[in-house]
Structures are given as C-alpha cells and as structure tokens.
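In what follows, a structure is listed as structure tokens, so that the remarks can point back to it.
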2 protein chains.
Amino acid sequence: MSVTDSEQRKNRILEMIIEAYVATTNPVGSELIAKRLRCSLSPATIRNIMGELEEEGFLRQPHTSAGRVPTDRGYRFYVESVMGIRHLSSEEVQQLEGLIQPEELEAEELFDRVCMALAEWTHQAAFVVAPTVKQSKVRQIELVPVGVHKLLCVLVANDEMIASHLVEIQEPMTREEAMALGRFINTELVGLPFSELVSCLERRLLAETDSFYYLVKRSLTILQNALSTEPQERLFLEGLSYLVSQPEFSQKPQKVHEMFKCFEDQQDELLRCLHHTSDHKGLQVQIGNDRALPSLSECSYLHAPFFIAGELAGCVGILGPKRMDYARLCAMVDGMARCVTDVLNQWEHS
Amino acid sequence: MSVTDSEQRKNRILEMIIEAYVATTNPVGSELIAKRLRCSLSPATIRNIMGELEEEGFLRQPHTSAGRVPTDRGYRFYVESVMGIRHLSSEEVQQLEGLIQPEELEAEELFDRVCMALAEWTHQAAFVVAPTVKQSKVRQIELVPVGVHKLLCVLVANDEMIASHLVEIQEPMTREEAMALGRFINTELVGLPFSELVSCLERRLLAETDSFYYLVKRSLTILQNALSTEPQERLFLEGLSYLVSQPEFSQKPQKVHEMFKCFEDQQDELLRCLHHTSDHKGLQVQIGNDRALPSLSECSYLHAPFFIAGELAGCVGILGPKRMDYARLCAMVDGMARCVTDVLNQWEHS
DNA sequence: TCTAGCACTCAACACTTTAGAGTGCTAACA
DNA sequence: TGTTAGCACTCTAAAGTGTTGAGTGCTAGA
C-alpha cells in the first residue's frame with residue numbers, strides 16, 4: 001500500500017468519525033466505523049489508525065474507555081482538506097432569492113430578512129455584517145428642517161444605502177436656507193466617500209479664502225453631527241434559540257449566559273472579530289476562538305462575503321457549536337452570500 | 001386574638017415565606033420563619049398557619065417532607081394585598097434621568113437606552129413597547145426624491161416621533177413636483193391622525209369634483225405605501241441573558257429554547273399580550289400567563305405605562321421568573337416609567 | 001390558643017455493584 | 001509489513017442500597 005493510499009484511508013476514517021460525531025453527539029468507537037466501512041477493515045485496524053490520528057492531534061478521548069471525539073485541529077483539517085463542499089444548484093439559489101427578495105426597497109429590510117431566512121434554513125444562529133453609508137460615496141444629501149431646532153439629514157449613497165439622522169441646530173434654519181445648503185452640498189460633495197466628508201470640509205475651512213466659507217462651515221457642523229452617530233457597519237443577529245437548544249450547551253447554562261452576555265454587551269468586539277477575518281477570499285471557517293472572544297470558545301462560525309459593484313461590502317454567516325455539519329452549512333452560507341450579492345447588484349442596475 | 005389580627009399575622013407569614021423563597025430559591029420551612037419572627041411563635045404554630053395557607057391555595061409543597069413554595073395565587077395575593085411598594089425618591093429619579101437622557105434626539109434611541117438601562121438596573125430582561133408615528137397626528141410630511149423611481153417619505157408627528165420610508169414610484173418625480181405635492185400635503189393634512197390619512201384621502205378621491213384630484217391621488221398612493229410598512233408599535237427587548245441565568249431556567253434548557261423561540265417568532269403575539277393588559281391605571285403585574293403565551297408560563301412580567309401629553313403612549317417593563325422580588329422591581333419599573341414620561345414631555349416643550 | 005413531643009415521609013447524598021462500551025497490547029496470520 | 005483475533009484492562013453510566021436530616025402532621029397537655 002502506497003503512502004498516499006494510507007493517507008487517504010486515514011482521512012476517510014477521520015471524515016467518518018467527524019460525520020458520525022456530528023450526527024450523534026456521541027464519541028465514536030472503532031466498531032461503528034468498521035461496520036460503516038462494510039468489513040473492508042477490522043475494528044482492530046481502525047483502532048490503530050485512530051491511535052495515529054490521536055497522536056497527530058486530530059482526535060482525542062474524553063476518557064480511557066470512550067470513543068474518539070474530534071479536536072479543533074481535527075475539524076480544521078476536515079474543513080480544509082477532507083470534506084467536499086457541495087455547491088447549490090442554480091434552482092436552489094433561485095428559490096433562495098425568492099425567499100429573501102423583499103417587497104420593500106430598503107437595504108436594512110433585506111439584511112434583516114436574509115438573516116432570519118438563513119437562521120430558519122440552517123437551524124443555526126445566523127448573522128449579517130452589513131455595510132452602512134459610511135462605507136460608500138455620496139450620491140445625494142438632503143436636509144429637511146423638522147421643527148425649529150432640528151434638521152433631518154438624509155444620506156443617500158451611490159449603492160442604494162440610505163441613512164437619516166436627526167441633528168440639533170443652534171440657529172433656526174428656514175426651508176430656503178436648507179435648500180441652499182443642500183444645493184451647495186449636492187454640487188460640491190457628490191462622489192466623495194462619506195468617511196472623508198468631514199476631513200474634506202475641515203480642509204476647505206482652513207483655506208479661509210473659500211468663497212463658500214459660511215456654507216462650508218454650516219455643512220461641516222451638520223454633517224459631522226449626522227455622521228458621528230452613523231456606525232461603520234451593522235450587525236444583524238437571529239435564531240439565537242437554535243444556539244440554546246444545542247445539546248452541548250443545554251447542559252451548561254453558565255456557558256449560555258456568557259454567550260448571551262457577549263451578544264448584548266460585546267457587539268463591537270464581535271463585529272471586529274467577524275470583520276477582521278473576513279476578506280475577499282470567500283467562505284471562511286473559524287473553529288473556536290479562545291483569544292478574541294472567550295465566551296464563544298465553544299462555538300464555530302462560518303461566513304462568506306457579499307459584494308456591491310465588485311467591492312467587498314459585508315458578510316453573512318452562522319454561529320453554532322463546533323460540532324456542526326460543516327459540509328452542508330458551508331454550502332448554505334456560501335449560497336446565501338452569492339444570493340445576497342445577486343440581489344444587491346440587481347438593485348444597483350434597476 | 002381578633003379575626004383581623006389573625007389575618008394580619010397570616011399575611012405577615014406569607015410575606016416572609018415569599019421573601020425567603022425569592023431570596024434563596026429553596027422551599028421555606030416552619031423553623032426558618034419561627035427564627036425570623038424572633039421566637040414570638042413556635043415552629044409548630046407556624047406549621048398550622050402554613051397548613052391553612054396551603055389549603056387556601058397560596059402555598060404548596062413540592063413533596064411531603066419539603067418546605068413551602070408560593071403558588072401563582074400566593075404571589076398575586078402578595079403583590080395585591082401584602083407587599084408595600086416603595087416609591088423612588090426624587091433624587092433617584094433624577095439619577096435615572098441622567099442615565100437615559102440621550103445626546104441624540106431620536107425617540108428610538110431613547111427607548112433603546114431606556115430598555116438597556118432597565119435591564120442593567122434590575123438585572124432582568126427588560127422591554128419597552130414604544131409608540132410609532134401611526135399613533136399620533138401629522139405635523140409635517142416631507143417627500144425627498146431619491147434616484148429616479150424612489151421617494152423617501154419622512155413622516156413627522158406632533159409628538160417628536162419620526163419615521164421615514166422609501167417608496168417606489170411608477171412615474172419619475174422631479175424635485176419640483178415633489179415640493180408641490182409636499183406643499184399640498186402639508187397644508188391639507190396637518191393635524192390629522194396618521195392612522196386616518198389613507199381613509200381621508202380615499203374619501204376625497206370619491207368626491208371626484210376635488211380640484212386637487214391629481215394631487216390627492218398621488219399622495220394617496222405614496223402615503224398608503226409608506227404607512228403600510230409602518231408598524232403600530234415597536235417592541236424593544238434587552239437583557240435576555242439575565243433570563244437565561246435564572247436558576248429555575250438553567251435546569252430546563254427546553255423551556256429556555258421555547259422562550260427564545262417565542263421572542264423571535266411571536267413578537268406580535270407578545271406585543272398584543274403586553275398591550276392588551278396595559279391601560280391608564282398604572283403599574284400592572286402579570287404572574288404566569290398560561291393562556292396567551294404558553295412558552296412564558298413560567299414567567300412573570302410587570303410593566304407601567306408612560307404618557308405623551310397626557311395620553312397613554314406605551315409601556316416599559318421587565319420579564320423574569322415568577323420568583324422575583326416584586327416589591328423592589330415594581331418600584332423600579334414604576335420609577336422608570338415616570339422617568340420616561342418626564343423626559344418625553346421635556347422634549348415636547350423644548 | 002399555643003406548643004412540645006413524636007412518629008412519619010421523602011429527597012439528597014454517599015456508597016457499592018454491575019453492565020457494557022471501548023481501548024491497547026500481543027501474538028499469530030497473510 | 002500490514003492486518004486481525006483475542007484478551008485483559010479501564011472507565012462511565014445506571015441501578016440499587018443505606019443513611020441522614022429537614023420538614024411535616026398529629027396529639028395531648030399547658
């Protein structure tokens with residue numbers, strides 16, 4: 001038997017162990033695997049191989065007389081080298097698009113639906129990290145006086161994102177003044193990234209010779225105020241009940257409490273974590289994460305990016321116990337991300 | 001000993017049992033109560049009284065040789081007749097106002113903060129049922145064309161509530177047309193309740209002689225669309241981790257899963273439930289609720305209304321296990337509700 | 001009307017036993 | 001050299017047993 005043959009067999013056995021464990025939550029013994037292999041190998045041989053896999057750090061035994069359980073490293077190896085990702089058929093993707101296609105036009109509504117649909121579909125806690133206007137460029141900004149000392153500032157980005165913020169203003173502003181200011185903003189600032197608006201206006205203000213000095217100053221105050229409350233990105237989170245009902249957590253209420261505390265109080269941390277590992281490469285799998293978020297050390301999350309006009313815009317993903325059906329769920333998350341990209345780009349062109 | 005004396009004593013003992021049980025989660029025995037009463041009665045006498053309380057349905061025994069535990073009826077009686085509500089001092093209310101007073105001006109932000117602050121303060125899951133523009137009257141409506149086929153419809157109510165909805169329009173609309181339509185709406189419809197806008201416009205449309213026929217028709221389409229996606233009221237929910245960590249639930253993962261499923265999928269039902277029992281009378285306590293929401297049968301919730309311009313606007317409350325410190329929590333919820341009323345009315349007058 | 005005393009009940013805990021699942025090792029076999 | 005049967009060994013989970021102690025209800029007497 002060649003070296004690669006033996007390696008292949010080992011991988012196959014690791015795969016079977018992981019799949020059996022994921023399905024049953026029970027440590028997997030040599031006999032079960034032998035049975036599944038239809039007598040091509042005896043339990044004793046399987047045991048030898050399992051011993052090797054344990055030495056290499058892919059498996060471990062909860063106790064002497066128990067079967068084997070995958071380690072983080074085992075899962076990781078499985079995800080990266082062993083499992084096959086089934087891609088969704090185009091019919092499945094179309095069905096999915098029907099599911100999330102909202103009648104309304106607001107991006108927020110779409111992301112919310114995507115998140116709920118993903119949770120419902122995978123029976124796992126699902127999340128969406130969504131972009132906000134702050135990541136795009138100005139298409140249009142409208143100022144609507146509301147009452148005497150308030151101004152509703154509507155920010156429209158070139159990728160259909162919309163945000164509106166109420167801003168307090170010291171001196172009252174008439175509708176005409178608001179329109180003049182709006183005209184100024186919409187001729188001078190269109191096309192700039194929202195993230196650079198403030199610094200750009202500040203620069204113009206320093207060069208005091210600007211003939212629009214007063215307009216620049218006033219827009220700066222308002223936009224600074226409006227943009228300060230606009231987050232960089234938004235997190236949608238749904239289906240937490242699925243997380244609670246996982247057998248590995250239902251015996252550890254302490255763990256569940258920690259996780260929920262984390263969702264409530266550490267959203268920034270959580271976002272940073274998801275964002276940090278997300279890049280253009282596509283689907284990502286994170287198995288456990290002791291360093292960044294100890295409360296989620298017993299969880300895995302997997303997420304895939306979606307794009308607007310070819311640019312990375314955000315990601316969709318799920319969060320579950322380490323013991324999850326990676327092959328199936330990867331396909332689903334990946335499919336959903338593609339689907340979101342499709343829908344967003346249909347919007348773009350409409 | 002007169003009848004009322006004996007009744008008073010019985011109530012005192014019920015009170016002590018409930019308070020001891022709330023504090024420890026353990027069934028309460030006669031000896032403990034006797035000790036707390038500083039030897040004014042012997043355990044045997046207490047036992048007799050406890051026996052009576054059990055016959056009357058206020059207490060029950062988990063098993064023969066256990067202490068007593070309050071029944072729903074026991075809690076109810078305690079809340080209605082026995083416990084004393086301490087009201088918050090004005091300093092405490094002021095402190096509270098400092099805590100929730102947001103720097104931003106949006107009502108949504110306020111309610112969100114109130115909800116989080118209440119959860120943090122009480123260490124219970126907290127909720128706010130908040131009004132939307134649909135419950136108020138039109139102060140101002142602005143139409144902002146966004147792109148070619150979209151219109152942002154900003155609804156400003158006379159009580160500072162603001163909502164904006166993106167509406168798809170068939171025929172493109174210029175900025176001038178939008179302004180004309182806006183002028184029409186803001187002269188003709190101001191002061192009407194948002195809930196009656198559509199029917200009012202429909203009536204005018206039937207009387208075809210209206211000289212503004214075209215404007216009426218166009219506003220109807222737009223407002224119908226904008227208002228259809230505006231909910232009647234919004235539910236804010238925070239601090240669910242506190243619910244998870246209650247000892248009575250941490251042993252019943254099934255229950256926790258049901259509760260979370262309910263929060264995720266039955267928000268309407270939940271809202272209806274909270275709204276139904278909320279009225280002008282003030283603080284309300286619901287102990288268990290088997291009929292309406294079986295998933296929350298093990299929970300109590302208590303909530304107090306807040307007002308805008310003297311009108312019932314919504315409520316704030318908490319949700320926890322039946323075994324909760326009603327006296328303390330009632331005072332807190334009541335205080336928070338008053339505080340919200342104060343803040344909202346300060347806004348109103350500013 | 002209250003209380004001391006007593007018999008009774010039952011959950012909780014510690015302890016023991018047993019069954020069985022699974023292992024590692026060894027010697028024999030292909 | 002890789003595979004396998006056999007066997008001793010380990011350890012958990014479940015079931016059974018005995019003991020303890022908290023708490024009760026009842027009764028008779030103050």
Side-chain angles (χ1 to χ4, degrees), chain A residues 1-14 16-18 20-21 23-56 58-71 74 247-248 251, chain B residues 1-10 12-14 16-18 20-21 23-56 58-71 247-248 251:
Chain A
M1 185 183 272
S2 74
V3 177
T4 55
D5 270 2
S6 136
E7 280 301 305
Q8 267 187 7
R9 193 179 64 180
K10 208 191 266 184
N11 290 353
R12 175 91 187 96
I13 286 173
L14 177 60
M16 292 182 75
I17 291 171
I18 288 181
Y21 179 66
T24 64
T25 339
N26 295 323
V28 183
S30 54
E31 204 146 347
L32 180 75
I33 297 299
K35 214 182 288 167
R36 294 260 174 100
L37 279 172
R38 311 205 166 237
C39 304
S40 68
L41 283 179
S42 81
T45 312
I46 310 280
R47 278 203 290 280
N48 287 332
I49 299 170
M50 283 164 104
E52 287 172 41
L53 284 166
E54 182 162 10
E55 262 183 21
E56 295 166 50
F58 297 130
L59 297 177
R60 66 181 183 82
Q61 279 182 286
H63 54 84
T64 331
S65 72
R68 257 59 171 221
V69 160
T71 60
E248 37 266 86
Q251 296 314 315
Chain B
M1 187 184 272
S2 74
V3 177
T4 54
D5 270 3
S6 136
E7 279 300 305
Q8 268 188 5
R9 194 179 62 182
K10 207 190 267 183
R12 175 89 188 99
I13 285 173
L14 177 61
M16 292 181 76
I17 291 172
I18 288 180
Y21 179 66
T24 64
T25 340
N26 295 323
V28 182
S30 54
E31 204 146 347
L32 180 75
I33 299 298
K35 216 181 289 167
R36 295 261 171 101
L37 278 173
R38 310 204 167 236
C39 304
S40 69
L41 283 179
S42 80
T45 313
I46 310 282
R47 278 204 289 281
N48 288 332
I49 299 170
M50 284 163 103
E52 288 172 42
L53 284 166
E54 182 162 10
E55 260 183 24
E56 294 166 50
F58 295 130
L59 297 177
R60 67 181 183 81
Q61 280 182 287
H63 54 84
T64 330
S65 70
R68 256 65 171 214
V69 160
T71 60
E248 37 266 86
Q251 295 315 316

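Chain letters run A, B, ... following the sequence lines, proteins first, then strands; residues in each count from 1.
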* Can you find a side chain N or O atom of B/Ser42 that sits less than 4.0 Å from OP1 or OP2 on C/dT3? -> yes

* Asked: OP1, OP2 of C/dT23 versus side-chain N and O of A/Ser30: anything below 4.0 Å?
  -> yes

* To do: May I ask you to evaluate whether A/Arg47 reaches the phosphate of D/dT4, defined as a side-chain N or O under 4.0 Å from OP1 or OP2?
  => no

* **Separation of D/dC26 P from B/Glu54 CD (nearest whole Å)** => 11 Å

* **Phosphate OP1/OP2 of C/dC2 contacted by B/Thr45 side-chain N/O (<4.0 Å)** => no

* To do: Would you kindly check whether a donor in the side chain of B/Thr64 faces an acceptor in the base of C/dC10, or vice versa, at under 3.5 angstrom?
  => no

* Asked: Does a nitrogen or oxygen in the side chain of A/Arg68 sit under 4.0 Å from OP1 or OP2 of C/dG22?
  -> no

* To do: Select from B/His63 and B/Asn48 the residue whose nearest nucleotide in DNA chain C is closer to the 5' end of that strand.
  => B/Asn48

* **Side-chain N,O (B/Arg9) to OP1/OP2 (C/dT1) below 4.0 Å** => no

* **Whole-Å gap separating P (C/dC2) and NZ (B/Lys10)** => 12 Å

* **For atom CG of B/Leu59 and atom C1' of D/dT24, their distance in whole Å** => 14 Å

* Nearest whole angstrom, please: distance from the P of D/dG2 to the CD of A/Glu52. => 10 Å

* Expressed in angstrom and rounded to an integer, what is the separation of B/Ile17 atom CD1 from D/dG23 atom P? -> 12 Å

* Residue pair B/Gln61 / B/Arg68, side-chain heavy-atom distance below 4.5 Å -> yes

* To do: Grab the two heavy atoms, one from A/Pro70 and one from A/Leu59, that are nearest each other, plus how far apart they are.
  => CA-CD2, 3.9 Å

